[in-house]
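So the structure is just underneath, and the comments pick up after that.
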Amino acid sequence: MSADDNKLSKRQKAVAERRAARIERAEHARATGEPAPNQVWFKPVMFGFMLLGLVWIVLYYITSQNLALPIPQLGNGNIFVGFGLIMVGFLMTTRWR
């Protein structure tokens with residue numbers, strides 16, 4: 001066995017241990033009635049909605065000076081779209097564990 005094979009097996013063992021620990025936590029949560037932890041994608045999506053809403057509003061204010069950026073011509077409705085995206089992100093925080 002070479003040094004690379006040994007490193008690879010250590011990595012594989014570490015991944016297997018993390019996976020087993022995650023499964024054990026989820027099973028413990030189910031057995032005790034506690035809510036299970038969120039999926040890995042939940043936090044990036046939550047913060048993504050908040051940032052996307054902020055960027056939408058900022059771009060609306062920039063393009064309201066007649067610059068040619070691809071923002072739909074919703075007028076002041078763009079503010080509602082931006083705050084709507086931000087609110088989706090904040091509503092997701094209530095489910096964050």
Would you mind writing out the side-chain donor-acceptor pairs for residues 79-94 within the sub-3.5 Å range, not counting sequence neighbours?
unit_1: T93; atom_1: OG1; unit_2: F90; atom_2: O; d: 2.4
unit_1: T94; atom_1: OG1; unit_2: L91; atom_2: O; d: 2.6

With hydrophobic residues grouped by side-chain heavy-atom distances under 4.5 Å, do M50 and W96 end up in a single group? yes
Following the transitive rule for hydrophobic clusters with a side-chain heavy-atom cut-off under 4.5 Å over Ile, Leu, Val, Met, Phe, Trp and Tyr, establish whether I23 and F42 coincide in one cluster. no
According to side-chain contact (heavy atoms from CB on, under 4.5 Å), who are the partners of W41, at least two apart in sequence or on a separate chain?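 Applying side-chain contact (heavy atoms from CB on, under 4.5 Å) to W41 gives Q39, V45.
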Contacts of type side-chain contact (heavy atoms from CB on, under 4.5 Å), residue V15, not counting sequence neighbours: R18, R19
